[in-house]
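These values consider heavy atoms only, across backbone and side chains, with no hydrogens, waters or symmetry-generated copies. Each ligand, and each atom within it, is numbered from 1 in the order the structure gives.
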Amino acid sequence: MHMPLFSIFVVAALFISLCNSFLFKGQHVICNVYPKDLYVEEDSSVEIVCQTSCSNHGKIFWTLNGKNINESLSKTINATHTVLSLRNFTQSSAVVQCHSSYGNQLLGGVTIRTYSKPKNITCVLHYNVNGPNGVPKLFTCSWKHHMDFLQTANYTILTDSLKEICKSQVASCTHNCTHLVNPDDIVNYMYYSNLYTIKVRARTQYGETDSDPYVFDPRSITKINPPKNLKIIPSSEHLLVKWVTDEPRCQVKYYKTSEPDKAPEVLWTNRSDFSATIKEVESCINYNISVRCASERGLWSEWSPEKTALTKLNRSRIRMQLWRKVAELEKNGKRKVHLMWKGIPSTCREAFTVKQVAYKDNTITENYTYTSCGSSSCDVDVDHRSHRFYLAVSSNGALLDSVNVPAVGDMGLPEVWNIQTTKHRMGGVIQVSWNVSQKPISSYIIDWTHDGQQYYWKETIFTKATLFGLLLRTPYKITVTPLFNDITGHSIHTNPFCSSMGVPEHIFVTVEEADDKSAFVKWHTKSQYTCSNVDTYIIFYEAQGLQHNVSVSGSEDGVWLKDLKPNTHYNVKVEATSDNETDMSSTVYFRTNRFDPRLIKAVSICGGILVILVLSIGLTCAIQWKKFNDKPVPNPRLSSVAKWLTQSHEKVEGFFQPPTDQFENQVVTDKTQRNRGAPLTPVRNGNNCDPSFSSIRENEPEERFSDTSETQLLSSPEGSMVFSSSQSSPYRSQDMLPRVEKPSKSDLGNKQEKTSMKSLYISLNMFEQSDVR
Ligand SMILES: *[C@@H]1O[C@H](CO)[C@@H](O)[C@H](O)[C@H]1NC(C)=O
Ligand SMILES: *[C@@H]1O[C@H](CO)[C@@H](O)[C@H](O)[C@H]1NC(C)=O
Ligand SMILES: *[C@@H]1O[C@H](CO)[C@@H](O)[C@H](O)[C@H]1NC(C)=O
Ligand SMILES: *[C@@H]1O[C@H](CO)[C@@H](O)[C@H](O)[C@H]1NC(C)=O
Ligand SMILES: *[C@@H]1O[C@H](CO)[C@@H](O)[C@H](O)[C@H]1NC(C)=O
Ligand SMILES: *[C@@H]1O[C@H](CO)[C@@H](O)[C@H](O)[C@H]1NC(C)=O
Ligand SMILES: *[C@@H]1O[C@H](CO)[C@@H](O)[C@H](O)[C@H]1NC(C)=O
Ligand SMILES: *[C@@H]1O[C@H](CO)[C@@H](O)[C@H](O)[C@H]1NC(C)=O
Ligand SMILES: *[C@@H]1O[C@H](CO)[C@@H](O)[C@H](O)[C@H]1NC(C)=O
Ligand SMILES: *[C@@H]1O[C@H](CO)[C@@H](O)[C@H](O)[C@H]1NC(C)=O
Ligand SMILES: *[C@@H]1O[C@H](CO)[C@@H](O)[C@H](O)[C@H]1NC(C)=O
Ligand SMILES: *[C@@H]1O[C@H](CO)[C@@H](O)[C@H](O)[C@H]1NC(C)=O
C-alpha cells in the first residue's frame, strides 16, 4: 500500500524540481562565451565572459590557441559568470576557449582578430631631382602599419575633408603634380597654408582603419634639392669650397679619403656666404667634400655628390729634411752635389726647384741659378767655393729648406775624426762613434749607403749613432758631418763596413792526395755576399761507422788527415762556422792505398834499374852478334810490296788487343775520377809499345787517332803499319815523313768502308830504323 504512494511522491517531487529549473532558470542552464567574433585594434585590451551555469562543479580555466592562460587573468564574478581580461592583445588572430576542470568540459570559445592603424606618419614636400626649388611639386608620406604577413592593404591619403591625395599598396605614397597644369593643386594649396592635416586610410580584407590625424607645418617639412656646382679651390693654407644655392642655411662635410670610416667634420656656413673655408688641412691629402642646405625652417637637403680635392704642400705642416752628398773636386774644378730630401708625402704633385748661390766671405757673389728636380733628389755641380742650396716649390717659389756645401779646404769649419764602426750583437745593425774638435757643433748628420745610389740619413746631437734595419751581409759606407746651426762642417767617412757576417753558402771539398795512412783534404768557399767570414772549419771523416773530426782555424784551406786505415773507404765533409751560423759541404769519398806509395816507388825504381841493366846487356850482346854476322843492310826501296786487302782486316785487329783498364786498382779520388774522363794516353801492352788501331772506337775524340798513330810510328821497333788514304807508298820516297790523315766525324762513321779502300803496306825485314825517321 505504502510503496505506490511513496513512488508517486518521489516522481512528483522530481517533476516539480525539473519544472522549477526549466521555468525559472531556463536561460542559465546553457554554458556559453561572449562576445562571439571579436575584431579589435592591436594592443588594446579584451574582456571575455564565460557563462558557466551548466557546470557548477569544477574549476573554470581558459586556453589561448590551446595553451593555458594564467589564472590571474581570469576572475569569477559570481557562481555563473567568469571574466577573462587580456591586456595589450597583439596576436592578429587567436582562439580563446573556456573550460571546466570537471570532466574537462569545453564550455565555449571565441575567435579574436586584431587590426592596427597606420602610425608614425612622416611627410615631405620636395622637388624633382635637378628640378628648380620654389613651390614643391612632390608630396611624399610614409608610415608604419603592422599587419599579418599574409595580409595586404590598400592605402589612401586623405585630406581633412576626405579628399584623396594619393593611393598606394605599400606604406608610402607620393603625390606628383609636376605634370599638372592646374595651379590649384592640392600641394600648391598645402604649401601656402599654415597648418595642414591628413590621415592615412588602410583597407584590408577584414575592414577599414584610419590613422590618427597628422598635422604639420608645410614649410618645416620642405626639403630642397642639394646645392649644385660645388667648386673646391685648394691652396697651401686651406680648401675653399664654393657652391650655388638660394637657401640661407648650409653645411659642409669633409673627410680624408684615407680615413673613410672616421666621422666626417661638419662646418656651418654663414648666411648667404655660399662658400666655406676648410682650415687646418694636411699637406697633399685627398679630401672628399659635400654640401647640403635647407630653407629657413625646412629640412636639410640630401648631401651633394662628393667631390675630391687634393690639398697643396705646406712646409709648416710636414716634417721634411734636406741633405746633400758632395763628391771630390774633379779636374774641371767642379764638384758633383747630390741633393736629396725626405718627409714630403708621396701624394704631393708639386714639382721642385733648387736655387743655388755661391758665397765668398759670407757675401753672395753671383746671381742665383735654378735647377728643376725630381720628386726626392737633384744633382747639381758646384765649384770649389762655398754654396747654399734652397729647395723650393716650382709653382709658387715657396721655400722648403736649405743646405750648404763648404768651400774646399776651408779650415775654419767644425770637423770630426776618429770615426769608428762596431758590429752589433744583432745582424743588420751598425754602431758608429766619432770624436769632435773643439769648435762648436750643434748636431751631426750621419748618412749611409750600400750602393752609392740610395742614401739614408739622420740627425743626432750625440757623438755616436746606431743604424738599424740595414740589409744583412751588406757593406755600408757611412759618413758623419758636423753641423753648426746652418753651416755644415767637414765630413768624415768610414770604409765599407759589413752590416753582418755569415758563413759562405758553398764549400767545395777535394781530396788532393791519399796515401795508406793519411790524406790531404782541401776546400774552397764561394758566396754571393762580400760579407762572409768563417771562424772555424770542422772536418768530419768517417770509415766503417767510426767518425772523427778535426777543427782548424777559418784562415786555413786544407788539412792532412792522419792515422787513417790503409785500403779503406772514407767519406769526408767540411763544416764552416761563424758567430752562430754554420754551413756544411757535401760529402766526398776517397779510399786509402793498400801500401805506402813510397814503398811502391822504391820497388818500382829498383825494378826499373834491373830491367835497364838486363836490356843494356842484351843490346851489347846483339850488337856484338850483328857485327859478327856483318850482313848487308836491306834498303826498303828494294823491298817488295803487296796489298793486304780488307778481308784480312779482322785479322789485323786480332794482333792488337784492346787496352785493359789500368785504373781498376787505383785509389778512387776526385782526381782519378777526373782522369778517367781525360783523353787516353797511349796505353802500353806490357813491353810492347804498340797501341792498336782497333782500339779507336767510333765515339772517341779525333785527337786520339793522331796521337796514337804518331806514337806508333815513332816507337815500333820491329815494323810499322800505316793506314793512308794516299795511294803512294811513303817508302818510295824515304825523305818524306809519313802522315796519317785525321778522320773527320763523318769519316769515322764510314770507317769500315774507308778501311776497305785503303792500301795496306807491310814492310818486312827492316833493320835500319834510323832510315825511316
Ligand atoms: C601568473 O601571473 C602572476 C602575476 O601576473 C605571476 O605571479 C605568476 O607567476 C603567473 N603564473 C604562471 C604559471 O605563469
Ligand atoms: C552574475 O553576474 C552577471 C554579470 O554581472 C549578472 O548578469 C548575473 O545576473 C549575475 N548572476 C547572479 C545569480 O547574481
Ligand atoms: C599595455 O598597454 C598599456 C596602455 O595601453 C601600456 O601602458 C603598457 O605599457 C602596455 N603593456 C605592455 C606589456 O605592452
Ligand atoms: C617614426 O619613424 C621615425 C623614422 O621613420 C623613427 O625615427 C621613429 O622612431 C618612429 N616612431 C615610432 C613611434 O615608431
Ligand atoms: C613626377 O612627374 C614627372 C613628370 O611626370 C616625372 O618626370 C618625375 O619623375 C616624377 N617624380 C617622381 C618623384 O615620381
Ligand atoms: C586593393 O586594390 C586592388 C585594386 O585596386 C584590389 O584588387 C584589391 O582587392 C584591393 N585590396 C584590398 C585588401 O582591398
Ligand atoms: C702654411 O700654413 C700656414 C698656417 O695655415 C700659413 O700661415 C702659411 O702661409 C702656409 N704656408 C704656405 C707656404 O702657404
Ligand atoms: C662666419 O663668420 C664669422 C665672422 O663673421 C667667421 O669668424 C667664421 O669663420 C665664419 N664661418 C665660416 C664657416 O665661414
Ligand atoms: C670620394 O669621392 C669620390 C668622388 O669624387 C668617390 O668616388 C670616392 O669613393 C669617395 N671616397 C670615399 C672614401 O668615399
Ligand atoms: C745678374 O743678372 C742680371 C740680369 O738678370 C745681370 O744684369 C747681372 O749682370 C747678373 N750678375 C751677375 C754677377 O751675373
Ligand atoms: C744568431 O741567430 C739569430 C737567429 O737567426 C739571430 O737573430 C742573431 O742575430 C744571430 N746572432 C749573431 C751574433 O749572428
Ligand atoms: C775619442 O772619444 C773617446 C770617448 O768617446 C775617448 O776615450 C778617446 O780618447 C777620444 N779620442 C780622441 C783621439 O780624442
Margin query: Check the SG atoms of C173 against those of C141: under 2.5 Å or not?
Written below: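 Between C173 and C141 there is no disulfide, given that their SG atoms are not under 2.5 Å apart.
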Check: Are the two sulfur (SG) atoms of C50 and C31 closer than 2.5 Å?
Finding: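 A disulfide is absent here, as the SG pair of C50 and C31 is separated by 2.5 Å or more.
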Note to self: Among T257, N288, I289, which one puts a heavy atom closest to atom 6 (C) of ligand 9?
What the structure shows: N288
Note to self: Looking only at protein heavy atoms, which one is nearest to atom 4 (C) of ligand 1, and what is the separation?
What the structure shows: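 Checked against all protein heavy atoms, atom 4 (C) of ligand 1 sits closest to S72 OG, 4.1 Å.
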Check: How far is atom 5 (O) of ligand 6 from its nearest protein heavy atom, and which residue and atom is that?
Finding: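 Ranking protein heavy atoms by distance from atom 5 (O) of ligand 6, first comes N154 ND2, 4.2 Å.
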Checklist line | Proximal ligand 1 atoms for N70, defined as those under 4.0 Å from one of its heavy atoms | finding: 1 (C), 2 (O), 3 (C), 8 (C), 10 (C), 11 (N), 12 (C), 14 (O)
Notebook entry, point to check: Does the separation of the ring centres of H424 and F468 fall below 6.0 angstrom?
Noted result: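 No.
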Notebook entry, point to check: With backbone taken as N, CA, C and O and side chain as the heavy atoms from C-beta onward, which portion of Y255 lies under 4.0 Å from ligand 9: side chain, backbone, both, or neither?
Noted result: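 Y255 to ligand 9: side-chain contact only, backbone stays beyond 4.0 Å.
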Margin query: The test is salt bridge (charged side-chain N to carboxylate O under 4.0 Å, His left out); show your working for K117 and D212 and say whether it passes.
Written below: CA-CA 8 Å; K117 288 186 196 174; D212 296 331; 3.0 Å; yes
Check: Just to confirm, does any protein heavy atom lie below 4.0 Å from atom 9 (O) of ligand 1?
Finding: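 Within 4.0 Å of atom 9 (O) of ligand 1, no protein heavy atoms are found.
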Notebook entry, point to check: Quick one: does atom 13 (C) of ligand 1 have a protein heavy atom under 4.0 Å from it?
Noted result: no
Item checked: Ligand-residue contact atoms, ligand 6 with Q169, heavy atoms, under 4.0 Å -> 1 (C), 2 (O), 3 (C)
Next item on the list: For P260, counting its heavy atoms only, list the atoms of ligand 9 lying under 4.0 Å from any of them.
Entry: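 With P260 as reference, the close atoms of ligand 9 come out as 13 (C).
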Name the orientation class of the two ring planes belonging to [X] and [Y] (parallel below 30°, tilted from 30 to 60°, perpendicular beyond 60°).
| X | Y | result |
| --- | --- | --- |
| Y455 | H338 | tilted |
| F352 | W341 | perpendicular |
| Y196 | Y189 | perpendicular |

Item checked: Nitrogen or oxygen of T308 less than 3.5 angstrom from that of ligand 9 ->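 N/O-N/O distance under 3.5 Å: yes.
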